[in-house]
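Quick note: residue numbers are just sequence positions, from 1.
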Amino acid sequence: ILLTHWHHDHTGGLATLPESLLTLDHTVHKRQHPDIAALRGSKNITDGELFATEHRQWRAVLTPGHTPDHVAFFDAENAALLTGDLVLGQGTTIVGDLAPYMRSLQRVIDLEPRILLPGHGPVVTANAVKHIEEYVSHRRMREKQILEVLADTSNEDGSGWWWTVEEIAAVVYPLVKDPRVFRAASNNLKLHLYKLKDDGRITCEDSAGGTVRWAIAKYRD
């Protein structure tokens with residue numbers, strides 16, 4: 001039994017299996033991570049580890065980002081990729097840490113899969129690589145929007161080059177009026193902001209009241 005990550009919609013079914021099924025011939029395998037509680041009785045997955053099923057052989061591909069312990073599985077003979085929640089059949093996925101997520105997307109693109117078997121949504125049998133590349137393009141487009149906002153020095157409150165995430169979100173998502181949707185959009189932008197900060201392209205500072213403000217790195221002084 002191969003698990004892509006710890007989320008309950010991917011592990012909850014284990015509780016319904018009879019103990020007699022979980023024998024040496026039906027071992028549970030899941031990537032272990034120090035920040036995530038290990039599943040009792042599961043074995044760790046290592047990068048490149050091979051798992052043979054009746055008709056296929058799957059190679060483990062570590063793909064953190066959605067969660068730190070996320071793993072995809074690749075059947076090289078059929079160019080089929082079990083994507084878990086790295087890539088969905090339709091729509092976009094939730095991301096926990098954007099920098100490793102982007103690296104994981106590129107890693108599976110390099111495998112050149114022809115079939116995507118996602119944890120949610122329909123199977124992708126046409127233009128599989130393009131489907132993954134659209135995830136990359138979407139994130140890069142959002143980064144470009146953020147950098148364009150931060151390059152604008154005409155912040156309405158007179159704070160010059162520094163922007164809060166809410167101010168950035170108001171520009172990037174001008175049609176979002178529902179407070180709950182706006183908070184979700186702002187949280188999504190935070191992922192991009194911290195990645196851009198790690199990339200050295202932007203910087204941040206804590207202002208009065210603990211509000212974090214962001215700016216293009218060249219303006220930090």
Side-chain angles (χ1 to χ4, degrees), residues 1-17 26 28-33 35-39 42 45 47 49 51 53-76 78-142 173 176 178 180-192 195:
I1 300 173
L2 305 179
L3 302 177
T4 57
H5 61 296
W6 72 267
H7 283 167
H8 297 301
D9 57 329
H10 291 261
T11 61
L14 290 175
T16 68
L17 298 178
H26 298 85
V28 176
H29 298 266
K30 192 190 81 65
R31 175 68 174 173
Q32 295 177 9
H33 189 278
D35 295 335
I36 298 171
L39 282 177
S42 66
I45 295 174
D47 195 34
E49 188 172 357
F51 299 92
T53 58
E54 186 174 357
H55 299 294
R56 300 187 183 214
Q57 182 166 258
W58 300 95
R59 173 162 59 90
V61 184
L62 302 191
T63 49
H66 174 69
T67 59
D69 64 336
H70 197 282
V71 181
F73 298 93
F74 186 58
D75 168 19
N78 297 284
L81 183 70
L82 282 164
T83 65
D85 282 358
L86 175 73
V87 175
L88 307 184
Q90 60 187 15
T92 57
T93 191
I94 295 172
V95 177
D97 192 338
L98 188 57
Y101 178 75
M102 295 293 282
R103 291 192 293 268
S104 293
L105 289 176
Q106 187 57 55
R107 188 174 190 201
V108 296
I109 286 172
D110 292 342
L111 295 174
E112 299 183 351
R114 295 193 301 271
I115 303 170
L116 303 181
L117 305 167
H120 304 274
V123 172
V124 178
T125 57
N127 302 312
V129 170
K130 182 180 179 183
H131 185 83
I132 305 170
E133 289 174 338
E134 288 173 352
Y135 276 66
V136 177
S137 298
H138 172 74
R139 295 294 177 176
R140 287 180 176 166
M141 177 270 293
R142 194 66 74 212
Y173 302 102
V176 175
D178 186 307
R180 292 173 298 178
V181 177
F182 187 80
R183 282 195 298 272
S186 298
N187 288 333
N188 179 59
L189 287 186
K190 287 179 184 178
L191 295 171
H192 288 274
K195 176 185 177 294

Roughly how far, to the nearest 0.5 Å, is the [atom2] atom of [Y] from the [atom1] atom of [X]?
X    : Y    : atom1 : atom2 : value
F73  : R56  : CZ    : CZ    : 14.0 Å
M141 : R139 : CE    : CZ    : 9.5 Å
L105 : L98  : CG    : CG    : 9.0 Å
I94  : N187 : CD1   : CG    : 11.0 Å
E134 : T92  : CD    : OG1   : 12.0 Å
T53  : D75  : OG1   : CG    : 7.5 Å

- Item | Residue pair D69, Q32: steps toward the side chain to side chain contact (heavy atoms under 4.5 Å, CB included) verdict | CA-CA 6 Å; D69 64 336; Q32 295 177 9; over 6 Å; no
- Shortest non-hydrogen contact from F74 to A80? CD1-O, 3.3 Å
- Query: Taking all non-hydrogen atoms of both residues, which atom of P64 and which atom of S104 are closest, and how far apart?
  - Reply: O-OG, 2.7 Å
- Note on the structure: Sequence neighbours excluded, the answer for ring-ring contact (aromatic ring centres under 6.0 Å, His included) partners of W58 is none
- Item | I36 atom CD1, over 12 foreign heavy atoms within 6.0 Å | yes
- Neighbour count above 12 (heavy atom, 6.0 Å) for Q57 CD: yes
- Note on the structure: Only one of I109, T83, L86 passes side-chain contact (heavy atoms from CB on, under 4.5 Å) with I132, and that residue is I109
- Among L111, V129, I115, find the residue that satisfies the side-chain contact (heavy atoms from CB on, under 4.5 Å) test when tested with L81. L111
Within the 4.5 Å heavy-atom criterion, are [X] and [Y] side-chain neighbours or not?
X    : Y    : answer
L88  : Y135 : yes
K30  : V71  : no
H70  : T4   : yes
L189 : Y173 : yes
F51  : I45  : yes
T67  : H33  : no
K195 : H192 : no

Quiz: residues 117-127 side-chain donor-acceptor pairs under 3.5 angstrom, not counting sequence neighbours:
| unit_1 | atom_1 | unit_2 | atom_2 | d |
| --- | --- | --- | --- | --- |
| H120 | NE2 | D9 | OD2 | 3.0 |
| H120 | NE2 | H10 | NE2 | 3.3 |
| H120 | NE2 | D85 | OD1 | 3.3 |

- Query: Under the 3.5 angstrom rule, does the side chain of R107 hit a backbone N or O of L62 as a donor-acceptor pair?
  - Reply: yes
